[in-house]
Q: 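The structure follows.
Chain naming here is simple, since letters A, B, ... match the order of the sequence lines and numbering starts at 1 in each. Remember, it's a predicted structure, so these values are computed and weren't measured experimentally. Basis for what follows: all heavy atoms, side chains included, without hydrogens, waters or symmetry-related copies.
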2 protein chains.
Amino acid sequence: MAEKIRTIYDLAKLAGVSGATVSRALAGKDVVNSKTAEKIRKLAADHGFRPSSIARNLRMQKKGAIGVVIPLGHDKTQHISDPFFMTLIGALADELTEKGFDLVLSRIIPDTDDWLNRMIDSDRVDGYIIIGQSNQSKTLDRVAQSYLPMVAWGAFAQGQIHCSVGTDNFLGGMLAASHLIDKGCKKLAFCGNTQAIEMALRLDGAKEAVKQSGKDVSLVETPTHLAAELSGTDIAAFLDSTDEMPDGIFAGSDLIALTAIQVLVGRGLSVPNDVRVIGFDDLLLAQTSVPTLTTIRQDITSGAKHLVECLLARINGAPTGSIVLNPELIQRAST
Amino acid sequence: MAEKIRTIYDLAKLAGVSGATVSRALAGKDVVNSKTAEKIRKLAADHGFRPSSIARNLRMQKKGAIGVVIPLGHDKTQHISDPFFMTLIGALADELTEKGFDLVLSRIIPDTDDWLNRMIDSDRVDGYIIIGQSNQSKTLDRVAQSYLPMVAWGAFAQGQIHCSVGTDNFLGGMLAASHLIDKGCKKLAFCGNTQAIEMALRLDGAKEAVKQSGKDVSLVETPTHLAAELSGTDIAAFLDSTDEMPDGIFAGSDLIALTAIQVLVGRGLSVPNDVRVIGFDDLLLAQTSVPTLTTIRQDITSGAKHLVECLLARINGAPTGSIVLNPELIQRAST
DNA sequence: TTGAAAGCGCTAACAG
DNA sequence: CTGTTAGCGCTTTCAA
């Protein structure tokens with residue numbers, strides 16, 4: 001027990017077999033006698049032995065690491081600090097670690113057109129997960145034609161070549177607007193920056209819901225910065241300029257929703273009595289805010305799982321389609 | 001040029017030398033003839049060749065990776081989403097990549113007392129950077145007695161055993177309060193959660209500045225959650241309960257400062273005319289907010305550099321002291 | 001079902 | 001200053 005087991009050969013000696021057998025047993029190959037395999041695995045566990053992934057990677061010509069890259073737009077500080085992305089990265093870390101991959105984080109500034117090619121050429125990881133396609137969709141498509149092990153979080157666009165995993169933003173938008181309409185709202189406002197494709201889809205979904213409702217409901221769009229620190233003034237400006245106060249606000253993100261609530265409450269309005277507010281994402285803060293936030297849930301954990309799953313399939317040479325996750329309405333106190 | 005060169009031997013053949021020489025040249029060993037070294041390096045650059053770090057790591061018995069761990073307190077969602085930490089992690093990623101290390105991100109929940117020991121025993125990385133000591137200072141101290149390659153971001157406490165890198169929060173607090181006093185403020189308020197040691201130090205510094213000013217200045221403390229989504233109501237509640245409005249607010253973070261400004265503006269008060277507000281951190285959002293935010297700057301880039309530097313020293317067996325960085329007053333429009 | 005042996009690509013003595 | 005050589009710890013034919 002006090003022996004220090006550093007290699008599979010140490011363990012082999014202990015088990016009275018050869019290194020090769022240990023290797024096979026630990027790798028779960030079914031050729032080994034199940035008795036011996038069991039014995040070897042127990043021994044390994046007892047001694048807390050884990051075969052060196054470095055050596056394995058060298059031998060197998062793999063890297064044992066996945067690059068998670070955050071393209072930083074110019075002034076888009078939003079991306080790096082957005083709690084949504086941060087939560088996603090955390091979930092990815094968990095998922096990849098479990099699969100035996102390291103998560104190599106890198107931020108890049110998509111200044112030139114070939115940033116992705118350069119990353120890939122550097123050949124330091126087995127594959128890439130791109131967080132936030134933003135406006136780099138064509139770049140992704142171009143690269144995806146010749147480079148398989150890459151997946152991106154975000155919206156799915158008809159005809160895209162690269163693999164994406166993301167929420168059905170259109171449906172989410174419909175759910176949100178329908179909910180507001182069901183609650184009796186007649187004058188809806190959407191707060192979000194529709195330059196981001198995801199936001200645009202959410203707004204489109206909301207419009208569709210309004211249309212389908214057949215009721216006399218209006219929907220105005222108020223361009224709102226995504227960054228928390230800017231959305232407040234945007235919303236305030238909108239409220240100042242509009243002649244009639246909306247009675248239902250569909251915010252493009254939980255952060256915006258919370259900001260909206262602050263602005264509204266600051267003006268003496270009550271949420272949800274005077275104005276109902278619904279968010280998007282269902283971050284932890286949606287549960288802890290006052291009032292708690294009704295929102296459209298994106299399943300981040302499941303998103304991370306799918307991202308990793310697709311990527312691993314692609315690393316093994318199997319092309320995968322894109323995945324569109326279902327959003328879910330979470331009813332809380334703000335509506 | 002079209003040759004595919006994958007190993008140092010390919011390059012060696014091209015350069016007409018042995019693999020060993022290529023290895024030495026690329027490693028920057030000064031024993032090689034500078035002419036040949038230059039030639040080899042140029043050749044490598046031309047072909048975009050980078051020696052396999054996997055093989056190197058195997059040979060050198062290193063991992064080539066640094067664990068960056070975020071201890072997640074129970075309900076302390078603050079830690080994971082805090083833009084400050086996120087920015088720091090980004091800077092660390094840049095710094096480590098440059099030094100040839102992968103950044104292996106992991107989140108852990110410090111449930112049992114031995115989470116750190118377990119991480120270290122798993123032996124997957126060359127060293128650890130702990131982001132946010134929170135209340136785990138004793139754990140860190142205990143582990144630090146026998147495990148060298150570990151550094152933590154955060155406050156320095158007299159007598160601590162582990163290595164920390166962080167800002168002088170006390171001095172930062174003094175700077176902030178002094179600035180407000182210089183601007184003529186008489187009734188100061190501090191907004192922050194002083195359960196976090198860093199916050200407590202900032203408040204202490206502010207108190208000291210008030211004392212030293214010799215003027216008739218008051219300073220009240222208003223407990224404020226760190227999480228952006230909660231601080232708003234805290235601040236509003238404080239303003240409601242106090243009999244006299246402060247004329248200077250020292251917020252424990254930029255996020256809190258921005259929230260405070262929103263609340264104040266929402267009540268028809270002007271910043272900085274009616275109330276001056278100063279933050280802490282100097283995140284990007286301090287420059288982009290309206291009004292731009294006067295704040296106490298923590299140099300994140302330099303912090304990341306020091307963190308990595310100390311850790312590398314420790315990996316090489318050299319103990320290092322802790323580092324306390326100087327905060328800097330950044331004057332903008334909110335005061 | 002198992003073992004022997006040959007490397008994966010690199011670095012570091014040790015000679016020259 | 002440079003080449004030869006022997007592995008780092010693992011996986012994988014190829015035989016037994």
Q: Test: side chain to side chain donor-acceptor pair (under 3.5 Å). Region: residues 19-36 of chain A. Which pairs qualify, not counting sequence neighbours?
A: A:S18-A:T21

Q: Just to verify, what does A:K42 make a salt bridge (Lys or Arg N to Asp or Glu O under 4.0 Å) with, not counting sequence neighbours?
A: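 Checked A:K42 against salt bridge (Lys or Arg N to Asp or Glu O under 4.0 Å); matches are A:D46.
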
Q: Please round to the nearest 0.5 Å and tell me the distance separating atom CG of B:L311 and atom CG of B:N316.
A: 9.5 Å

Q: With heavy atoms of chain A within less than 4.0 Å as the criterion, where does contact along DNA chain D begin and end?
A: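 Footprint of chain A along DNA chain D, 5' to 3': D:dG9 to D:dT13.
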
Q: Quick one: list whatever passes salt bridge (Lys or Arg N to Asp or Glu O under 4.0 Å) with A:D168, sequence neighbours left out.
A: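 Checked A:D168 against salt bridge (Lys or Arg N to Asp or Glu O under 4.0 Å); zero matches.
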
Q: Can you name the salt bridge (Lys or Arg N to Asp or Glu O under 4.0 Å) partners of B:R6, sequence neighbours left out?
A: A:D123

Q: Enumerate the residue pairs fulfilling salt bridge (Lys or Arg N to Asp or Glu O under 4.0 Å) with a member in residues 84-105 of chain A, sequence neighbours excluded, ordered by first and then second residue.
A: A:D94-B:R107, A:E95-A:K305, A:D102-B:R124

Q: Considering only heavy atoms from C-beta outward, does the side chain of B:I66 approach that of B:L92 to under 4.5 Å?
A: no

Q: Per the side chain to side chain donor-acceptor pair (under 3.5 Å) rule, what does the pair list look like for residues 141-151 of chain B, sequence neighbours excluded?
A: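 Output for this query lists B:D141-B:H162.
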
Q: Closer than 3.5 angstrom, by distance alone: can the side chain of A:Y128 be matched with the main-chain N or O of A:L116 as a donor-acceptor pair?
A: no

Q: Tell me which residues in residues 32-44 of chain B put a heavy atom below 4.0 Å from DNA chain D, sorted by number, or none.
A: B:V32, B:N33, B:T36

Q: Does the side chain of B:I54 reach to within under 4.5 Å of the side chain of B:N57, using non-hydrogen atoms?
A: no

Q: Taking side-chain hydrogen bond (donor to acceptor under 3.5 Å, both in side chains) as the definition, give me every residue that meets it alongside A:R56, ordered by chain and number, with sequence neighbours left out.
A: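 Checked A:R56 against side-chain hydrogen bond (donor to acceptor under 3.5 Å, both in side chains); zero matches.
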
Q: Report the residues that fulfil side-chain hydrogen bond (donor to acceptor under 3.5 Å, both in side chains) with B:D126, sequence neighbours left out, ordered by chain and then residue number.
A: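 Expected list: none.
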
Q: Using rotation axes that map the C1' atoms of four end pairs onto the next four (five pairs an end), what angle separates the end axes of the helix from C:dT1-D:dA16 to C:dG16-D:dC1, to 10°?
A: 30°

Q: When every nucleotide of nucleotides 5-12 of chain C is labelled 5' to 3' by its protein contacts under 4.0 Å (heavy atoms), B for base, S for sugar-phosphate only, - for none, what sequence of letters results?
A: -BBBBBBB

